2 protein chains.
Amino acid sequence: MSKRNLHSIQEVAAETGLTSRTLRHYDAIGLLPATELNHAQVRYYDDQALLRLQTILVMRELGLPLDEIAQMLQSPQSEIDVLETHLNRLRTKVDQLSQMISSSETTISNLKKGKSIKMSEMFEGFDHTKYQDEVEQRWGKKAYADSDKWWRSMSAEERESWKQRQNQLIADWREAAEAGIKPDSPEASALAARQEAWLGSIPGAPGFGSGKVPAAYLLGLAEMYVADPRFGANYGGLVGATFVKDAITFYVSNRK
Amino acid sequence: MSKRNLHSIQEVAAETGLTSRTLRHYDAIGLLPATELNHAQVRYYDDQALLRLQTILVMRELGLPLDEIAQMLQSPQSEIDVLETHLNRLRTKVDQLSQMISSSETTISNLKKGKSIKMSEMFEGFDHTKYQDEVEQRWGKKAYADSDKWWRSMSAEERESWKQRQNQLIADWREAAEAGIKPDSPEASALAARQEAWLGSIPGAPGFGSGKVPAAYLLGLAEMYVADPRFGANYGGLVGATFVKDAITFYVSNRK
DNA sequence: TCTTGACATTGACGTTACGTCAAGTTGTAG
DNA sequence: CTACAACTTGACGTAACGTCAATGTCAAGA
């Protein structure tokens, strides 16, 4: 009775808009095994399989990778956890793309004004090697000086876009702090990860472009948020800044 | 004199934060050939190569694929074109991610309320096969009816997010129309592509999830924008709606 | 019965930008 | 002479399939 109403692979494909190749792929990786094969190895799917496929497609629309979809189908109680983790990934990606967009816009407008793309002048006076010699403890001040220089070198529009994104992050930090989220909670670590991604996108900063910001640099900045009222104010006063520092500290010591 | 100041692969790696593997990769694909090899096939880079690498990294930060970076370095006059095309891709991606985010949020809140992820009720009464029987000309009205139904089934937050993204698209359409952009220009086609992506993300609509919206459906909606003042108003009156229709028509007839 | 489609199957390579071994070579310090 | 560091060239793995290619099955027409 569960085998009633069998569908061929092309029927399923037509109903869902997928290709037969995709269905064979899902079969191959075990995500959606065919209900049965006839003597010629031809696949057939029953209604239960179609229901499963329905769910798979809904999850796929959310951008979830197939292996995580498979995992969720195995243990439905992990649904919310997986989705919330996924949500953080998505937000981080949007942050990164937004940064690429504003940088691209600035680059285009510079090119139209005749400026070359080789903006070595932006980096001039900046020597990466000096960071290698720096004592980790001093990163805080140095990082601040360099990021300030970088900031002043940007166009007005780009600055605006950067502000918006940083403001969103700040708002999320404050909200988390006020909601009583613990610094060692997954939510706080997710924010720390976004902060890292944001920092890593600053040209000239250590870890630029690699996605991995050196731990000492992250910690140095976190300390600075607490020590410097100019920053502390943004993050919701001393209490908020301390929360940020603790969250980043926890995140850094537990990553990888 | 151009060979002065040669750097080993590890030196370059340390200066840029890249790995030696990456530099070898760039050599292998011809993006950044080593300046010279010694008798033991060991790579050395001169200052000119470092400058080229500098440019490569700046472009990579913008999210440009390596082959397009190589292309731009070959023909610098194409810089602006390539970047503007790239910008459209980035924007489309952000649109897609934003949609995934709001859908994920809705799904999570539904799960927390105890609703299952198998939201077949959302699709109930909706039969994909009926679209296959539809005459293409009738898609306009049917699509409208179904998208209206879908719209009413959403949560308030998700509706809000959708509105924002659609509003952004509409604003861009109006701006393009007012700037005197031609419906058969690349800019207009880029907007049409975004419109397609946006439409394709509506569950229940033809082409949902595949990224490819059937041509007749796109055209049917475009006609509707002109015919129905409720839509025309959004797109800047009859003139704006006609521009949208023309741009979509051109886009559809020239894609693939 | 033989042939010809129509539709299915299982490989297997291509895509993107490298990470990660593995195995071999070269130069140098002890 | 040897151990070791640093380099080299393969070659596989990654995500989610698209796109052939070679082969197999089944039914209808000559």
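Chain letters run A, B, ... following the sequence lines, proteins first and then strands; every chain starts at 1. Here the structure is a predicted model, which means the values were calculated and not measured.
Along DNA chain C, the nucleotide closest to Arg21(A) and the one closest to Val42(A) are compared, and the more 5′ of them pairs with Val42(A). Judged by closest nucleotide on DNA chain D, Arg24(B) is the one of Pro65(A) and Arg24(B) placed further toward the 5' end.
At the phosphate of dA17(C), neither OP1 nor OP2 sits under 4.0 Å from any side-chain N or O atom of Tyr26(B). Between Arg43(B) and the phosphate of dT8(D), there is a side-chain N or O to OP1/OP2 separation shorter than 4.0 Å. Between Gln10(A) and dC7(C) there is no side-chain polar atom (N or O) within less than 4.0 angstrom of OP1 or OP2. A sub-4.0 Å separation between OP1 or OP2 of dG18(D) and a side-chain N or O of Thr22(A) is present.
The separation between Ile69(B) atom CD1 and dA17(C) atom C1' is 11 Å, rounded to whole Å. Going from atom CG of Leu32(A) over to atom P of dA16(D) covers 15 Å, rounded to whole Å. In this structure, the NE2 atom of His25(A) is 7 Å from the P atom of dA16(D), given to the nearest Å. Atoms CD1 (Ile9(A)) and P (dG24(D)) sit 20 Å apart, rounded to a whole Å. At whole-Å resolution of the value, CD1 in Ile56(B) and P in dA17(C) are 12 Å apart. The separation between Leu18(A) atom CG and dA16(D) atom P is 14 Å, rounded to whole Å. Between the P atom of dT25(D) and the CD atom of Gln41(A) lies a distance of 10 Å, rounded to the nearest Å. Asn38(A) places its CG atom 11 Å from the C1' atom of dT9(C), with the value rounded to the nearest Å.
Contact annotation for Thr19(B): backbone-only contact, meaning every heavy-atom pair under 4.0 Å involves sugar-phosphate atoms and none involves a base.
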From CA spacing to verdict: side-chain hydrogen bond (donor to acceptor under 3.5 Å, both in side chains), Gln99(B), Ser103(B): CA-CA 6 Å; Gln99(B) 197 264 323; Ser103(B) 293; 2.9 Å; yes
Verdict with reasoning, Thr107(B) to Ser104(B), per side-chain hydrogen bond (donor to acceptor under 3.5 Å, both in side chains): CA-CA 5 Å; Thr107(B) 304; Ser104(B) 295; 5.9 Å; no
Criterion salt bridge (charged side-chain N to carboxylate O under 4.0 Å, His left out) on Arg89(B) and Glu84(B), from CA distance to verdict: CA-CA 9 Å; Arg89(B) 284 195 309 235; Glu84(B) 289 190 330; over 6 Å; no
Report, one pair per line, the protein and nucleotides 26-28 of chain D atoms (nitrogen or oxygen only) whose separation is under 3.5 Å.
from	atom 1	to	atom 2	distance (Å)
dC26(D)	OP1	His39(A)	NE2	2.1

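Dense packing is recorded around CD of Gln77(B), with more than 12 heavy atoms of other residues, nucleotides or ligands lying under 6.0 Å away.
If you run side-chain hydrogen bond (donor to acceptor under 3.5 Å, both in side chains) between His7(B) and each of Thr35(B), Asp47(B), Asp46(B), only Asp47(B) comes through.
Ser8(A) contributes a side-chain N or O that, together with a main-chain N or O of Glu11(A), makes up a donor-acceptor pair within less than 3.5 Å.
One finds no salt bridge joining Glu79(A) and Lys112(B) here, because no Lys/Arg side-chain nitrogen approaches an Asp/Glu carboxylate oxygen to under 4.0 Å.
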